[in-house]
Amino acid sequence: MKPIRPLIEIEEAKAIIRKCFSERPVKTERVTLFEALGRYLASDLVADQDMPPFDKSTVDGYAVKTAVISKLFEDPKTLTEGMPALKLIGEVMMGAEAALPESTNEANCVYIPTGGFLPDVYDAVVKIEETVQNGDQILFKNLAKTDLSPAFHILPLQSGSNIIRKGEDVKTGEKIIKRGRRLTRYDLGVLGMLGFNEVEVIVPPSLSIATTGDELVDIDAPLSPGKIRDINGTVLAGIAREWGLGPVKLTRLEDTYEAVENYIKSEIDQCDLLITSGGSSVGKKDYIPAVVESLSDEGLLFHGMNIKPGKPIGVAAMNGKPIVLLPGNPVSTVVGFIVLVSELINQFGFDIHHPFCYAELKETIGPEDGRTTFHMVRLTEGEGAMTAMPLRGKSGLITYIANADGYVIAPLEGGTVKAGEQVKVFLL
């Protein structure tokens, strides 16, 4: 079967996937917080409490009332050696509220450690190194004025200085982590702070990946003329594991119609997503499009994309499950997997996104052969800017992508991307 014409663009292919597989059933399970690292969250999580639950100090120092200090500056006679002085009336102990004496004296302060509970009557904290203690008096040396003229105002203290307010980190009712996010170690810290001992996560879809080709042999097999080692399955399974998918089953098929047909019939009910690599083009033994066309629910949804590398890519559905046809060249199959399989996986409730950075392009690139082109690049950290150097290679060379840090897309409609331009580099 020949690829469908005209070839479709990337966004059209993604739109077809979203339309046809938007109702994928999402399986979930509850796991402990310590098992949740790298898993994808099954539903939005909303904070049921403020964090921190109280105002607290960010430094070791003295809790003060800024209005009182400002008032002291208004009358130079109240200053001690030009410095405001407050009476020390107590201290805050970690993990407890301060037991403060009842006092009518407004000109007072309390010692407070980093992280300590700030009593309600105080609104700022002065670092201990900015003070001098003289008996029960605390002198605030760095608040001293050297010019007492009315026009001169220097007061490096304001309400809220050196304080984290209640709810400043997280507020009650705030959505803290979005559904589909892959949980990081820092997310686990947020969840632990809020008291989540367990979370509901998405059960990752299982993948069945088949590589085809009579020329393929095992990785540890000796090579004879015309034979090459089978690496595509290993590479694709590696990407799947990096994304937190699995389990992944790898199969190698003979280049026969019967072998392809038997594999698809037997595997489609054993996995959530079936992927083939190789045999997807117009060669004499490229049987996969014809087999998939005959077995699928509605025929091939599309077959042939206007991209380079990766032109003979196709997608179909069988028993409501996606089947993805990828080319056999290593770079082509990786590009197809990254671009399209990620879109399919996101229909299972995931939020797989491709990290990127911006860099200055070192050489001019453009779309090739009338197709949107993926150019592999090597990143270098230059003076004040990251640079991206396009690599030269062919889609059949695994080192072309192994030596790359990422890729730059030269869209068909955009034309040439000139050297010196800032480009978006998708990281591999």
Side-chain angles (χ1 to χ4, degrees), residues 47-174 176 186 188-197:
D48 60 358
Q49 56 196 292
D50 287 338
M51 282 292 161
F54 51 84
D55 293 349
K56 64 179 184 177
S57 175
T58 62
V59 298
D60 294 325
Y62 296 94
V64 301
K65 307 165 191 173
T66 55
V68 170
I69 291 180
S70 296
K71 188 175 181 180
L72 290 174
F73 276 126
E74 293 175 2
D75 184 358
K77 292 183 294 185
T78 65
L79 301 178
T80 302
E81 299 178 3
M83 294 180 286
L86 299 177
K87 183 179 180 180
L88 180 63
I89 62 170
E91 68 177 292
V92 174
M93 305 298 291
M94 287 300 294
E97 292 188 67
L100 301 180
E102 293 185 9
S103 173
T104 58
N105 177 19
E106 286 291 319
N108 62 51
C109 63
V110 297
Y111 171 77
I112 186 170
T114 300
F117 188 122
L118 183 74
D120 291 341
V121 294
Y122 302 104
D123 65 339
V125 177
V126 178
K127 295 179 181 178
I128 195 169
E129 56 265 36
E130 296 176 348
T131 65
V132 176
Q133 185 168 1
N134 183 12
D136 65 353
Q137 295 290 307
I138 304 298
L139 279 62
F140 296 85
K141 58 184 180 181
N142 285 348
L143 300 185
K145 286 192 174 184
T146 57
D147 183 343
L148 299 180
S149 66
F152 188 81
H153 179 75
I154 177 168
L155 187 63
L157 182 71
Q158 57 186 353
S159 181
S161 290
N162 299 318
I163 293 171
I164 292 178
R165 293 293 190 187
K166 176 184 178 182
E168 186 173 330
D169 205 353
V170 174
K171 293 188 181 298
T172 301
E174 179 182 348
I176 51 173
Y186 309 114
L188 300 191
V190 172
L191 295 173
M193 175 184 70
L194 290 165
F196 286 92
N197 186 46

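Nothing here was measured: the structure is a model prediction, and the numbers come from that model. Side chains are part of it too, since the values below use all heavy atoms of this structure and drop only hydrogens, waters and symmetry mates.
Inter-residue side-chain proximity for M83 and V132 is flagged as unmet; no heavy-atom pair is nearer than 4.5 Å. Between F73 and L79 the shortest side-chain heavy-atom distance falls below 4.5 Å.
Among all heavy-atom pairs drawn from V64 and C109, the shortest one is CG1-CB, 4.1 Å. Scanning all heavy atoms of the two residues, the minimum distance from D50 to K171 falls at OD1-CA, 3.4 Å. For the residue pair Q137 and A85, the shortest heavy atom distance occurs at OE1-CB, 3.8 Å. Heavy-atom minimum distance, T131 versus I128: OG1-O, 2.7 Å. The two atoms that bring P119 and V110 nearest to each other are CG-CG2, 4.4 Å, heavy atoms only. Shown here for E129 and K141, the closest heavy-atom pair between the two residues is O-CE, 3.1 Å.
Not counting sequence neighbours, the partners of M93 by the side chain to side chain contact (heavy atoms under 4.5 Å, CB included) test are E91. Legend: residues meeting side-chain hydrogen bond (donor to acceptor under 3.5 Å, both in side chains) with T80, ordered by chain and number and at least two apart, are absent. Taking the side chain to side chain contact (heavy atoms under 4.5 Å, CB included) definition, one finds that N197 meets it with nothing, sequence neighbours left out. In this structure, the salt bridge (charged side-chain N to carboxylate O under 4.0 Å, His left out) partners of D55, at least two apart in sequence or on a different chain, are R165. Taking the side chain to side chain contact (heavy atoms under 4.5 Å, CB included) definition, one finds that S57 meets it with V59, I112, V125, sequence neighbours left out. Evaluation of the ring-ring contact (aromatic ring centres under 6.0 Å, His included) rule for F196 yields no partner, not counting sequence neighbours.
Listed for the T78 side chain is a donor-acceptor partner under 3.5 Å among the backbone atoms of L72.
One finds the CZ atom of F117 at 8.5 Å from the NZ atom of K166 (value rounded to the nearest 0.5 Å). Distance check, rounded to the nearest 0.5 Å: CD of Q133 to CG of L139 gives 10.0 Å. To the nearest 0.5 angstrom, L86 atom CG is 4.5 Å from F140 atom CZ. In this structure, the separation between CG on N162 and NZ on K56 is 13.5 Å, given to the nearest 0.5 Å. Distance check: I163 CD1 to Q158 CD gives 10.5 Å after rounding to the nearest 0.5 Å.
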Could you give me the CA-CA distance, side-chain angles and deciding distance for L191 and I176, then say whether side-chain contact (heavy atoms from CB on, under 4.5 Å) is met? CA-CA 9 Å; L191 295 173; I176 51 173; 4.3 Å; yes
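Annotation: side-chain hydrogen bond (donor to acceptor under 3.5 Å, both in side chains) contacts involving residues 114-123, sequence neighbours excluded, comprise D60-T114, T66-D123, N108-Y122, D123-S159.
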